[in-house]
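One structure is given below, encoded as structure tokens.
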Amino acid sequence: MPDSDIRLRFSPAPTGYLHVGGARSALFNWMYARHTGGTMVLRVEDTDADRSRPELIDAIHDSLGWLGIDWDEEYRQSDRFDQYRAAAASFLDQGLAYRCDCSQDDVKARNDARADGVTGYDGHCRDRNVQPGEGVVVRFRTPDEGVTGWDDLIRGRVEFENAVLEDFVIVRSSGVPLFHVANAYDDLDMNITHVVRGEDLVNTTPRVLLMRAALIAGGHVPAVGGEPVAQPIYAHLPLIVNEQRKKLSKRRDDVAVGDYRAKGFLPEAMRNYLLTLGWGPKDGEEIRPIEEFVEVFELSDINKAPAFFDVKKLEHFNSEYIRALPLDEFIALATPHLGDIDTELFARLAEPVQGRVKRIEEAPNFLQWIVGDAPEPEAKDWKKVMGKDKVSEVLDLVIARLADCDWNPETLEALVFGVGEELETKTQLPVRLALTGSRAGIPLFEPMAEMDRAVVIGRLTAARAKLDAAPNDADGPTS
RNA sequence: GCCCCCAUCGUUCAGUGGCCUAGGACACUGCCCUUUCACGGCAGGAACACGGGUUCGAAUCCCGUUGGGGGUGCCA
């Protein structure tokens, strides 16, 4: 049971997978619902039969669930068409709406003929008393004067002149109501007290407010809680933008929550990062348990300016969360990504990997060289490491001693470092590069001991041969 | 075109008239730790878009300019 009468809703349209913008809207709604002990409603806005895909509802549930965002009630607008039609009918009865048989071409042609540059619907059918029929829509008649506005929790007072609001369509010619009628009706009927959504919806707000007033005037009583309030409290979230500062688009940007999940981001990291886009705790501690954020979260503290979705910073959050994982959990999460790497082998070497990955998916990259061929070293790495003095001697000596030494990490480390002491040089880097193909990586000797002696010697010998092929050539083999 | 909105380091959050010679985080650079990398530590560069007001005092309030974004569908 909720501790307060506060009710919020997240209203996705199932026309695509849940993307990061939607996820953040859902998150902010959820944060405030949990902060206030209110009710979180999930309302699927599937009024557009052509674009809605029912199977995507499951995908949205999945993504939300993955992020740990839960809800207390769920509705589908497609179950409620009759109620929206009744609402539209009441507008018609009240003289607040009328039927219109103008085609879109008609409207456009009339606008083109005008000199004043006005582009919206011109009210042509307002008094024509059009009867129901083919190609007939219902339009809401907007007032000719006055203003419609609200006090936005994030943006302050926002007002629109009613005169600039065109008579908009509320019922399609197919008889199916449009989203904003559904929106106005449901927010009232479900007694939503706080509407938290993206800034791209600001301009539909006056329409919704006008219809809400008409609904209340028509005597509609909310199904929940009884008393209708004149207006819910609105909070329009700043958009999440791409590097071009444009609203994130499913087309050009990589934004589906499911994609981030697949790439090895942890839900806690994703949620935590999303929360810092447009909002931040006063004390600056931005990575911490969600409960602590819930406690201090306030809608009115949200920023007005759009925020760029920075994958680099997300990765930082993610590596923090990965490092905080119990080792066995990390192993369990990484195992599906292993490919041809043996799970037992991985389990033995998982700890140093855990400390280095930014995304779970990267785990095998740190071990691939053990089971497969070592990648060709980068030319500049080769030059930097193999161009040094004494490298040939180091490799020769290591190769020779590897032939019949004990085969365990301690012995191998002592052997390689021992050569270094004898020759008064550092030996790890050339051995590492020859073995792994890279200058960077997990500590060397544990994984080295996991390999076959012959393979190790083979790789070192090959590197040594490469040195011979380009003697005293600091530019290395690729020059 | 019309309507609405936004503007602090490269990015993000803090800052709500004096505590700001503007702080934290990410990214970047250098040093330390370490015979690799990463982690960690230290240091560094880096911003109040511009112009006018208001005020004893402005990143914070007002106006304008510039720049950016959103909307302008029988999509949501």
Side-chain angles (χ1 to χ4, degrees), chain A residues 11-16 22 45-48 50-52 100 102-104 107 116-121 135-139 152 154-156 158-161 163-166 168-180 182-183 197-206 236 238-239 241 243-247 273 275-287 301 303-317 319-320 323 352-358 366 385 413 416-417 420-421 425-433 436 438-444:
Chain A
S11 312
T15 55
E45 306 220 325
D46 53 352
T47 53
D48 184 346
D50 292 339
R51 296 201 315 150
S52 290
C100 165
C102 298
S103 72
Q104 294 178 74
V107 176
D116 57 9
V118 169
T119 56
Y121 180 69
V136 173
V137 300
V138 178
R139 288 185 184 271
D152 197 286
I154 297 173
R155 312 181 167 257
V158 182
E159 288 184 337
F160 288 78
E161 302 257 356
V164 306
L165 266 24
E166 64 180 293
F168 52 92
V169 175
I170 56 177
V171 181
R172 297 169 168 91
S173 54
S174 65
V176 177
L178 270 112
F179 79 99
H180 32 25
N183 206 284
R197 25 121 90 143
E199 192 198 337
D200 49 346
L201 273 332
V202 196
N203 70 104
T204 73
T205 307
H236 285 97
L239 264 14
V241 297
E243 42 285 77
Q244 281 83 240
R245 296 258 128 204
K246 303 250 196 253
K247 176 177 148 183
Y273 174 65
L275 196 51
T276 65
L277 250 30
W279 181 83
K282 305 281 182 214
D283 63 11
E285 272 296 322
E286 45 185 19
I287 297 182
D301 290 335
N303 254 159
K304 295 192 251 210
F308 168 63
F309 188 82
D310 186 357
V311 177
K312 279 249 175 66
K313 187 146 183 177
L314 205 211
E315 285 185 333
H316 172 255
F317 276 48
S319 46
E320 293 274 327
R323 275 197 293 278
V353 174
Q354 180 181 14
R356 267 155 262 254
V357 291
K358 292 193 168 73
F366 288 86
V385 174
E413 176 168 351
V416 172
F417 286 177
E421 273 168 42
T425 183
K426 291 183 180 176
T427 53
Q428 181 178 172
L429 228 28
V431 173
R432 175 180 286 276
L433 193 67
T436 74
S438 168
R439 299 177 59 202
I442 59 171
L444 188 60

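Chain naming here is simple, since letters A, B, ... match the order of the sequence lines and numbering starts at 1 in each. Computed over heavy atoms, backbone and side chain alike; hydrogens, waters and symmetry mates excluded.
Of the side-chain N and O atoms in A:Asn303, one or more sit less than 4.0 angstrom from OP1 or OP2 of B:C13. Note on A:Arg432: every side-chain N or O is 4.0 Å or more away from OP1 and OP2 of B:U35. A:Lys426 has no side-chain polar atom (N or O) that falls below the 4.0 Å cut-off from OP1 or OP2 of B:U34. The phosphate of B:A76 has OP1 or OP2 within less than 4.0 Å of a side-chain N or O from A:Thr47.
Nucleic acid contact for A:Arg245: sugar-phosphate only, since backbone atoms but no base atoms lie under 4.0 Å from a heavy atom of the residue. Using a 4.0 Å heavy-atom distance criterion, A:Val137 is classed as a base contact. When heavy atoms are screened at a 4.0 angstrom cut-off, A:Asp152 is found touching no nucleic acid atom at all. Backbone-only contact: A:Arg155 has heavy atoms under 4.0 Å from sugar-phosphate atoms and none from a base. If you check every strand for non-hydrogen atoms under 4.0 Å, A:Thr276 touches sugar and phosphate atoms only. Nucleic acid contact for A:Ala440: base, since at least one base atom lies under 4.0 Å from a heavy atom of the residue. Contacts of A:Gly441 with the nucleic acid, taken as non-hydrogen atoms under 4.0 Å apart, include base atoms. Residue contacts shown for A:Pro443 include a base, since a base heavy atom lies under 4.0 Å away. Here A:Leu444 lies out of heavy-atom contact (under 4.0 Å) with every strand. In this structure, A:Phe179 reaches the bases: a heavy-atom distance under 4.0 Å links it to at least one base atom across the strands shown. Using a 4.0 Å heavy-atom cutoff across all strands shown, A:Thr204 reaches at least one base atom of the nucleic acid. Residue contacts shown for A:Gly278 are limited to sugar-phosphate atoms, with no base heavy atom under 4.0 Å away. Across all strands shown, A:Glu159 has heavy atoms under 4.0 Å from sugar-phosphate atoms exclusively, and none from any base. Nucleic acid contact class of A:Glu286 (heavy atoms, under 4.0 Å, all strands): base.
Counting only heavy atoms from C-beta on, A:Glu166 has its side chain closest to B:U72 among B:U72, B:A25, B:G71. Candidate nucleotides B:C37, B:G69, B:U12 were compared by shortest atom distance to the side chain of A:Lys246, and B:G69 ranks first. Side-chain atoms of A:Arg323 lie closest to B:C39 of the nucleotides B:A27, B:C39, B:U36. Side-chain proximity of A:Lys282 to B:U12, B:C74, B:G15: nearest is B:G15. Minimum atom distance to the side chain of A:Val158 is reached by B:C4, of the listed B:C75, B:U12, B:C4. The side chain of A:Pro306 approaches B:C6 more closely than any other nucleotide in the set B:A76, B:U35, B:C6. Of the candidate nucleotides B:G69, B:C37, B:A14, B:G69 has the atom lying nearest to any side-chain atom of A:Glu199.
The partner of B:C2 is B:G71, judged by Watson-Crick or G-U wobble contacts that both fall below 3.5 Å. With a 3.5 Å ceiling on both atom-pair distances, B:U16 lacks any Watson-Crick or G-U wobble partner. Summarising the base pairing, B:G44 is matched to B:C28 through a Watson-Crick or G-U wobble pair whose two defining distances lie under 3.5 Å. Applying the Watson-Crick and G-U wobble criteria (two distances, each under 3.5 Å), B:C61 pairs with B:G53.
Ring stacking holds between A:Phe417 and B:U35, with the centres under 5.5 Å apart and the planes within 30 degrees of each other.
The existence of a salt bridge linking A:Glu199 and A:Lys247 is excluded, since no basic side-chain nitrogen approaches an acidic carboxylate oxygen closer than 4.0 Å.
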One pair to check against side-chain contact (heavy atoms from CB on, under 4.5 Å): A:Leu444 and A:Val431. What are the steps and the verdict? CA-CA 9 Å; A:Leu444 188 60; A:Val431 173; 4.1 Å; yes
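Side chains of A:Thr47 and A:Arg172: no donor on one and acceptor on the other come within 3.5 Å.
Using bins of under 30°, 30° to 60° and over 60° for the plane-to-plane angle, the ring pair A:Tyr273/A:Phe317 lands in the perpendicular bin.
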